[in-house]
S.K.: 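Here it is: the structure, laid out below.
Positions are given from 1 along the sequence.
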Amino acid sequence: MNGQRFAAAATALLLAACSTVPGGQQPDLQPVAENRATLASAYAGPAEQAAAEAVERLRSLDPQLNSVIAIDPTWQEQARRVDASGLRGPLAGRPVLIKDNIETAGPLPTTAGSLALANNVTNRDSPLVARLRAAGAIIVGKANLSEWANIRSTNSISGWSAVGGQTRNPHALDRNTCGSSSGSGAAVAAGLVRLAVGTETDGSVTCPAAMTGVVGLKPTVGLIPRTHIIPISESQDTAGPMTASVAEAAAMLTVMAGSDPGDPATKEADARRQDYATTLSPDALRGKRIGVLRFAAGFGT
């Protein structure tokens with residue numbers, strides 16, 4: 001079974017497990033399902049067109065999900081710069097959502113989902129965001145999250161923030177998205193964008209990815225800089241890609257990885273960084289057995 005078939009099988013299992021709502025009624029997710037099925041071909045045109053279509057999806061479909069805290073009002077300006085630059089590559093002209101504990105330049109605050117940071121406009125890019133922009137990615141908005149990345153309380157609500165409200169699972173609106181990169185996972189799962197960035201201390205990329213049926217990778221700490229990301233644990237925090245395919249996760253990781261003088265943990269990152277897409281194989285899972293821990297459940301930070 002190759003990676004694409006495994007992802008499809010995992011999504012099917014998720015849909016079967018999360019298919020009902022109270023009273024036996026199904027949520028109206030047909031627009032989301034149709035959107036995800038057709039999104040793979042949405043990037044053939046200019047960057048401005050791709051960004052405009054992504055923003056329209058955010059505006060029309062996200063009110064069902066609360067996966068996005070804010071749309072970046074500079075998206076059109078960003079896209080026009082990419083079109084004018086002639087940039088090429090796997091991320092050129094691609095809309096990306098950034099978890100709202102990661103700083104981005106422009107008028108949007110970085111809130112971590114908290115009203116205490118509602119006016120926290122730093123107007124600077126974290127290194128990973130700067131690298132995505134340099135590769136031609138278009139930052140279309142900030143993704144919702146568990147407030148303070150789920151570290152505010154031992155009783156915090158997974159996927160909820162005071163700024164963004166409750167993130168909902170696009171496969172079944174009454175089901176959990178897990179935390180804390182809930183918005184990033186839900187937006188990719190719904191096909192609002194194919195690329196998003198999450199952060200993980202303990203399960204916050206991998207758990208939402210599992211719950212929504214997308215690809216989520218927590219890299220080794222020190223591969224991607226944490227500079228200008230709201231911290232929790234020096235020894236565990238890292239950003240990671242959340243995408244619709246393994247190939248796209250590899251492309252994002254290749255761009256985001258690398259050393260940064262502001263983060264001593266990344267001292268060896270340049271030496272270890274590579275083009276991760278070249279290491280992928282469609283036969284990587286051939287002959288492997290996939291185990292499911294049916295007794296296990298949990299919520300990451």
Side-chain angles (χ1 to χ4, degrees), residues 18 21-23 25-29 31-32 35-36 54-73 75 95-104 106-121 139-193 196-201 203-205 207-214 216 229-230 232 242 299-301:
C18 302
V21 295
Q25 296 179 342
Q26 301 296 316
D28 180 15
L29 296 178
V32 171
N35 179 65
R36 184 170 182 178
V55 168
E56 176 56 30
R57 290 191 294 270
L58 298 181
R59 288 173 175 160
S60 62
L61 295 176
D62 188 63
Q64 298 181 73
L65 303 175
N66 282 336
S67 67
V68 178
I69 281 181
I71 294 172
D72 192 321
W75 66 266
V96 179
L97 282 172
I98 305 295
K99 185 177 178 181
D100 199 27
N101 60 345
I102 303 171
E103 293 187 17
T104 58
L108 294 183
T110 298
T111 70
S114 172
L115 296 176
L117 296 181
N119 298 314
N120 180 41
V121 179
I139 310 306
V140 292
K142 304 297 285 289
N144 201 6
L145 68 161
S146 304
E147 188 169 323
W148 292 110
N150 226 11
I151 203 65
R152 69 188 181 93
S153 166
T154 56
N155 296 313
S156 60
I157 301 169
S158 187
W160 179 88
S161 74
V163 175
Q166 180 65 54
T167 306
R168 300 184 182 278
N169 193 313
H171 297 297
L173 298 180
D174 67 323
R175 301 303 173 96
N176 204 309
T177 51
C178 198
S180 67
S181 303
S182 51
S184 299
V188 172
L192 308 186
V193 294
V197 179
T199 65
E200 178 165 328
T201 301
S204 282
V205 166
C207 189
M211 289 292 185
T212 60
V214 305
I229 300 177
I230 295 171
I232 294 176
M242 301 183 74
F299 303 93
T301 56

S.K.: Once side-chain contact (heavy atoms from CB on, under 4.5 Å) is applied, do any residues pair with Ala162, and if so which ones, sequence neighbours excluded?
M.R.: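 Only Leu115, Glu147, Trp160 meet the side-chain contact (heavy atoms from CB on, under 4.5 Å) criterion with Ala162.
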S.K.: To the nearest 0.5 Å, tell me how far Thr199 OG1 sits from Leu145 CG.
M.R.: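 Here the rounded value is 7.5 Å.
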S.K.: Out of curiosity, Glu200 CD to Ser180 OG, how far, rounded to the nearest 0.5 Å?
M.R.: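 Between Glu200 CD and Ser180 OG, I get 8.5 Å after rounding to 0.5 Å.
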S.K.: Applying side-chain contact (heavy atoms from CB on, under 4.5 Å), name anything that partners Ser153, two or more places apart in sequence or on another chain.
M.R.: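 Here the qualifying residues are Asn155, Ser156.
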S.K.: Taking all atoms of both residues into account, what is the closest heavy-atom pair of Ala187 and Leu97, and its distance?
M.R.: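 Ala187 and Leu97 have their closest heavy atoms at CB-CD1, 3.4 Å.
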S.K.: Testing the basics here: between Ile157 and Arg152, what is the closest heavy-atom pair and its distance to 0.1 Å?
M.R.: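 In this case the closest contact between Ile157 and Arg152 is N-NH2, 4.1 Å.
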S.K.: Do we see a donor-acceptor contact under 3.5 Å between the side chains of Ser184 and Lys99?
M.R.: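 Note: Ser184 and Lys99 side chains miss the donor-acceptor criterion.
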S.K.: Who passes side-chain hydrogen bond (donor to acceptor under 3.5 Å, both in side chains) against Thr177, sequence neighbours left out?
M.R.: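 By the side-chain hydrogen bond (donor to acceptor under 3.5 Å, both in side chains) rule, Thr177 matches no residue at all.
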S.K.: If you look at every heavy atom in Ala112 and Ile230, which pair is closest and at what distance?
M.R.: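 Residues Ala112 and Ile230, closest heavy atoms: CB-CD1, 3.6 Å.
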S.K.: Indicate the atoms forming the closest heavy-atom contact of Pro109 with Lys142, along with that distance.
M.R.: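 Closest heavy-atom pair between Pro109 and Lys142: O-NZ, 3.6 Å.
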S.K.: Side chains of Asn169 and Leu65: does their closest heavy-atom pair fall under 4.5 Å?
M.R.: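 A side-chain contact is absent here, since even the closest heavy-atom pair is not under 4.5 Å.
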S.K.: Can you tell me if Ser161 uses its side chain to pair, donor with acceptor, with the backbone of Gly164 under 3.5 Å?
M.R.: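 Yes: the side chain of Ser161 pairs with the backbone of Gly164.
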S.K.: Using only atom types and a distance under 3.5 Å, with no angle test, would you say the side chain of Arg168 pairs donor to acceptor with the backbone of Arg175?
M.R.: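 A pair under 3.5 Å: no.
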S.K.: Please answer whether the main-chain N or O of Asn66 pairs with a side-chain N or O of Asn144 as donor and acceptor at a distance below 3.5 Å.
M.R.: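 Yes; judged by distance alone, with no hydrogens or angles, the pair exists.
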S.K.: Can you list the residues that meet the side-chain hydrogen bond (donor to acceptor under 3.5 Å, both in side chains) rule with Trp75, with sequence neighbours excluded?
M.R.: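 Testing Trp75 for side-chain hydrogen bond (donor to acceptor under 3.5 Å, both in side chains), a comparison that skips the adjacent residues, returns none.
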S.K.: When rounded to the nearest 0.5 angstrom, what distance separates CD1 in Ile139 from CG in Asp72?
M.R.: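 Rounded to the nearest 0.5 Å, the CD1-CG separation comes out at 8.0 Å.
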S.K.: For Thr111, which residues count as a side-chain hydrogen bond (donor to acceptor under 3.5 Å, both in side chains) partner, sequence neighbours excluded?
M.R.: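 Partners of Thr111 under the side-chain hydrogen bond (donor to acceptor under 3.5 Å, both in side chains) test: Asp100.
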S.K.: Under the criterion side chain to side chain contact (heavy atoms under 4.5 Å, CB included), I'd like the reasoning laid out for Ile229 against Glu103: C-alpha separation, chi angles, the key distance, then a yes or no.
M.R.: CA-CA 6 Å; Ile229 300 177; Glu103 293 187 17; over 6 Å; no
S.K.: Below 4.5 Å, heavy atoms only, C-beta onward: do Val121 and Leu108 meet side chain to side chain?
M.R.: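 No; the side chains remain at least 4.5 Å from each other.
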S.K.: Report yes if some heavy atom in the side chain of Thr201 is under 4.5 Å from a heavy atom in the side chain of Ile151; otherwise report no.
M.R.: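 Not in contact.
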S.K.: Given side chain to side chain contact (heavy atoms under 4.5 Å, CB included), test Leu192 with Leu61 step by step and report yes or no.
M.R.: CA-CA 8 Å; Leu192 308 186; Leu61 295 176; 3.7 Å; yes
S.K.: Tell me, with the steps shown, if Ile102 and Val197 meet side chain to side chain contact (heavy atoms under 4.5 Å, CB included).
M.R.: CA-CA 9 Å; Ile102 303 171; Val197 179; 3.7 Å; yes
S.K.: Given Leu117 and Asn119, is the side chain to side chain contact (heavy atoms under 4.5 Å, CB included) satisfied, shown in steps?
M.R.: CA-CA 5 Å; Leu117 296 181; Asn119 298 314; over 6 Å; no
S.K.: Which residues pass the side-chain contact (heavy atoms from CB on, under 4.5 Å) test with Glu56, sequence neighbours left out?
M.R.: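 With neighbours one apart ignored, the set is Ser60.
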S.K.: So, the side chain of Thr110 versus the backbone of Asn101: is there a donor-acceptor pair under 3.5 Å, distance only?
M.R.: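 Side chain of Thr110 to backbone of Asn101: no pair is present.
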S.K.: If every non-hydrogen atom of Pro170 is compared with every non-hydrogen atom of Ala189, which pair is closest and at what distance?
M.R.: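 Shortest heavy-atom contact: CG-CB, 3.6 Å.
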S.K.: Considering non-hydrogen atoms only, spot the tightest contact between Pro95 and Val140 and give its length.
M.R.: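 Pro95 and Val140 have their closest heavy atoms at CB-CG1, 3.8 Å.
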S.K.: Under the side-chain hydrogen bond (donor to acceptor under 3.5 Å, both in side chains) test against Ser67, which residue among Thr212, Asp62, Thr167 passes?
M.R.: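 Considering Thr212, Asp62, Thr167, a side-chain hydrogen bond (donor to acceptor under 3.5 Å, both in side chains) with Ser67 is found only for Asp62.
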